[in-house]
There are 2 protein chains.
Amino acid sequence: MIYSSELIKGTLKTIILKLLRDQGRMYGYEITQKVKDLTAGKIQLTEGALYPSLHALEAEGILTTETEYIGKRMRKYYSLSKAGSTLSQEKVSEFADFIQTMKFLLDIKTDLA
Amino acid sequence: MIYSSELIKGTLKTIILKLLRDQGRMYGYEITQKVKDLTAGKIQLTEGALYPSLHALEAEGILTTETEYIGKRMRKYYSLSKAGSTLSQEKVSEFADFIQTMKFLLDIKTDLA
DNA sequence: AAATATACATCGGTTTCTTATGTATTGATC
DNA sequence: GATCAATACATAAGAAACCGATGTATATTT
């Protein structure tokens with residue numbers, strides 16, 4: 001089962017920032033594969049969503065980049081800046097809180113209000 | 001703390017469908033208040049998002065409506081159709097699964113791949 | 001040699017939400 | 001009894017974010 005696309009909306013940045021915090025540095029394609037592996041294929045990031053998002057985060061100073069070549073093929077590695085490291089923690093905390101709230105909201109069986 | 005807007009994106013339909021399954025029938029304003037109450041103000045649905053979404057769900061045959069008047073003030077009650085009842089369960093299940101996946105994804109401390 | 005995988009990038013269109021605006025009634029406060 | 005807040009609907013322009021397609025090129029597998 002692959003999640004309906006609207007579900008994943010808004011979580012992309014959080015996923016990127018968390019992976020980079022764990023992995024140190026990653027390149028775009030690697031991120032798509034890592035997410036696919038870790039979620040058993042349930043979340044498949046599209047390049048059309050990922051690359052613009054990475055570019056935006058870089059422009060905001062959240063990510064820094066280093067370009068390397070494996071043979072003739074380019075790899076653009078992304079890492080967290082200091083601001084990115086802070087933001088990564090904030091985003092994950094916020095999402096953890098959000099999960100709790102949604103769990104409660106979606107588990108209600110009786111009228112609690 | 002109010003969640004950043006992009007976090008909530010894509011969850012509106014699920015929230016509506018779940019609440020209607022629990023409550024039987026609700027009107028728009030009631031939904032905004034109920035969500036606010038149940039989430040301690042952390043999720044505040046805006047009318048500009050809610051009403052178009054309700055209209056769309058009605059047009060798709062997911063929701064049915066009855067209009068009533070309290071004095072001279074209109075209330076438009078929404079209920080789940082049969083298709084809506086099925087969809088409600090599917091959406092909540094999908095979200096529950098999504099939560100599990102995201103929890104795993106955001107909790108990784110070490111390289112598991 | 002052909003197909004698949006790796007690796008980047010952009011762009012048009014769609015969906016979804018935000019912010020603002022508009023109308024009107026009802027209840028509370030002063 | 002006037003004013004403000006709450007209740008209750010609705011729409012509409014613009015922004016944000018993503019999808020799907022397209023494009024380029026190298027490397028690996030079959």
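Below, read A as the first sequence line, B as the second, and so on, with proteins coming before strands; counting in each chain starts at 1.
Checked by atom type and distance alone, the side chain of A/Gln44 never pairs as donor or acceptor with a backbone atom of A/Ile2 at under 3.5 Å. Using a distance-only test at 3.5 Å, with no hydrogens or angles considered, a donor-acceptor pair links the side chain of B/Ser81 to the main chain of B/Ile62. B/Glu58 contributes no side-chain N or O that, together with a main-chain N or O of B/Thr65, makes up a donor-acceptor pair within less than 3.5 Å.
Nearest nucleotide to the side chain of B/Ser5, out of D/dA6, C/dT18, C/dC8: C/dT18. Nearest nucleotide to the B/Leu12 side chain, out of D/dC19, C/dC17, D/dC9: C/dC17. When distances run from any side-chain atom of A/Ala49 to the nucleotides C/dA7, D/dC18, D/dC9, the shortest one goes to D/dC18.
One interatomic measurement links the two molecules: CD of A/Glu30 to C1' of C/dC8, which rounds to 14 Å at whole-angstrom precision. If you measure from atom CD1 of A/Ile31 to atom P of C/dC8, you get 9 Å, rounded to the nearest angstrom. The nearest whole Å value for the distance from the OH atom in A/Tyr27 to the C1' atom in C/dA7 is 8 Å. Separating the CG atom of B/Leu7 from the P atom of D/dC18 is a distance of 11 Å, rounded to the nearest angstrom. Put simply, CG on A/Leu50 is 14 Å from C1' on C/dT10, counting in whole angstrom units. Whole-Å rounding puts the A/Tyr29 OH to D/dA27 P distance at 15 Å. Summarising the geometry, the separation between CD on B/Glu68 and C1' on D/dA8 is reported as 14 Å, rounded to the nearest angstrom. The distance between atom CG of B/Leu54 and atom P of D/dT11, rounded to the nearest whole Å, is 12 Å.
A donor-acceptor contact closer than 3.5 angstrom links the side chains of B/Tyr3 and A/Thr101.
Taking only distance into account, the side chain of B/Arg73 never meets the base of C/dT26 through a donor-acceptor pair shorter than 3.5 Å. Not a single donor-acceptor pair, N or O on each side, falls under 3.5 Å between the base of C/dC17 and the side chain of B/Glu6.
Between A/Thr46 and D/dC19 there is a side-chain N or O to OP1 or OP2 distance below 4.0 Å. Phosphate proximity of D/dT11 to B/His55: present, with a side-chain N or O under 4.0 Å from OP1 or OP2. Residue B/Tyr51 has a polar side-chain atom (N or O) positioned under 4.0 Å from OP1 or OP2 of D/dC9.
Here A/Glu47 lies in heavy-atom contact (under 4.0 Å) with a base. Among the atoms of the strands shown, base atoms are found under 4.0 Å from some heavy atom of A/Gly48. Note on B/Ile8: nothing from the nucleic acid sits closer than 4.0 angstrom, heavy atoms only.
With the nearest nucleotide of DNA chain C identified for both A/Lys9 and A/Pro52, A/Pro52 has the one nearer the 5' end. Nearer to the 5' terminus of DNA chain D, by closest-nucleotide assignment, is the contact made by A/Ser53 (compared with the other of A/Lys72 and A/Ser53). The nearest heavy atom of DNA chain D to B/Gly28 and to A/Gly10 marks one nucleotide each, and the one closer to the 5' end goes with B/Gly28.
Atom NZ of A/Lys36 has 12 or fewer heavy atoms from other residues, nucleotides or ligands within 6.0 Å. Residue-environment remark: NZ (B/Lys42) exceeds the threshold of 12 foreign heavy atoms within 6.0 Å.
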